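Notes to accompany the following structure.
Small disclaimer: the values here were computed from a predicted structure and weren't measured. When a residue number appears, it is its place in the shown sequence, counting from 1. Reckoned from all heavy atoms, side chains included, excluding hydrogens, waters and symmetry mates. Start at 1 and go down the list; that is how both ligands and their atoms are numbered.
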Amino acid sequence: MLTERGFISRLRQSAAGAGPALLRGIGDDCAVFAPAADRSLLVTTDTLVEGVHFDCRWHPPELLGRKAASVNLSDIAAMGGEPKYALLSLALPGDTDEGWLELFMGGLLGALGEQKTNLIGGDTVRSDRLTFSVTLIGSAAPDRILYRTGARPGDLVWASGYLGEAAAGLDLCRLADARKENWPELVKAHLDPRPRVALGLFLAASGIVHAMMDLSDGLATDLAHLCVESSCGAVVSADLLPLSPALRAVASHLGRSPVEYALTGGEDYELLFTTAPGVRGSLPGLVRAATGLDIHCLGEIVAGSGVRLLQDGEKREIAYHGYDHFGR
Ligand SMILES: [Mg+2]
């Protein structure tokens, strides 16, 4: 397995590029950095456990390393923040292959590097289950941070990208046969999600977003969280859900509903946000010009509570249909 010395050497390399604000990256009991004046710090942590969050039978180590970074980068993006520093705790079984771990670390450092984020500390322990815990530190101007609490009745509800692709990609991986090769974009959405850091920064700077979060547990559940935090409800329209041709094809192949994938599928790591209604026509073009990404209006925020889906002229409650970490 990767020796502790090897791990520390990777940390040293990453920390060395972090710039003068990092006063001590490694070699002491703590990393030390000087937060910039007039910036707030954002801190988040997320843990991936083998058999719960990933499966090494189909998750290549490099993409797993990327994902361990990306799910945390996504939480910084969700606040409109700029990621800066990362810490990594590795819990490794004694028989972990050194080459596998090198690839994992390469993926993790690659995904962090794409967002100008440096690994500045970490720890390795022995465990009977492979577990990665990443802590990410970001920063933002205090008056630009986007919380889940700002949505108000009349707001439009938006999401970036396509929905449900990661969940469909995971189902393809679970088939354990060659069918997944027919829909590589869905498999990639599960194995290597892209954190929307640039989009989060653009939206935070725009001043037009009222509330924002990232989509990790599925639209139905995540929008319900945003509504609870903002003391409001939402209505989304099935006709407005961004369903890719590939998702429609896989849903049909597996006998599943593409709308259900979009509502309940977790791990899309797209951004979910609300704005005043006046920007409905103009915002997609502005976002596309600035970030190259597509956003879609899904519905609106309403007074009251709950999340309802408008489909075929009928409304039904869909809150809390997503993934539940405690295995309901
Ligand atoms: Mg989140």
### Sub-4.5 Å side-chain heavy-atom contact between Leu146 and Met213
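Leu146 does not reach Met213 side chain to side chain.
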### Message
Contact between Phe202 and Val197 at the side-chain level, heavy atoms closer than 4.5 Å - yes or no?
### Response
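They are not in contact (no side-chain heavy atoms under 4.5 Å apart), so the answer is no.
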### Query
By side-chain hydrogen bond (donor to acceptor under 3.5 Å, both in side chains), which residues pair with His296, not counting sequence neighbours?
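Result, side-chain hydrogen bond (donor to acceptor under 3.5 Å, both in side chains) vs His296: none returned.
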### Query
Which protein N, O or S atoms lie under 2.8 Å from the Mg ion (ligand 1), given by chain and residue number?
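Per the 2.8 Å query on the Mg ion (ligand 1), atoms found are Asp75 OD1, Asp214 OD1.
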### Task
Over 60° means perpendicular and under 30° means parallel, so classify the ring planes of His190 and His59, tilted if in between.
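Because their plane-to-plane angle lies in the 30° to 60° range, the rings of His59 and His190 count as tilted.
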### Task
Sequence neighbours left out, what passes side chain to side chain contact (heavy atoms under 4.5 Å, CB included) with Ala111? Give chain and number order.
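Testing Ala111 for side chain to side chain contact (heavy atoms under 4.5 Å, CB included), a comparison that skips the adjacent residues, returns Arg66, Ala69, Ser70.
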### Message
Show me the pairs that pass side chain to side chain donor-acceptor pair (under 3.5 Å) and involve residues 166-178, at least two apart or across chains.
### Response
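Qualifying pairs: Asp171-Arg256, Asp171-Tyr261, Asp177-Arg179.
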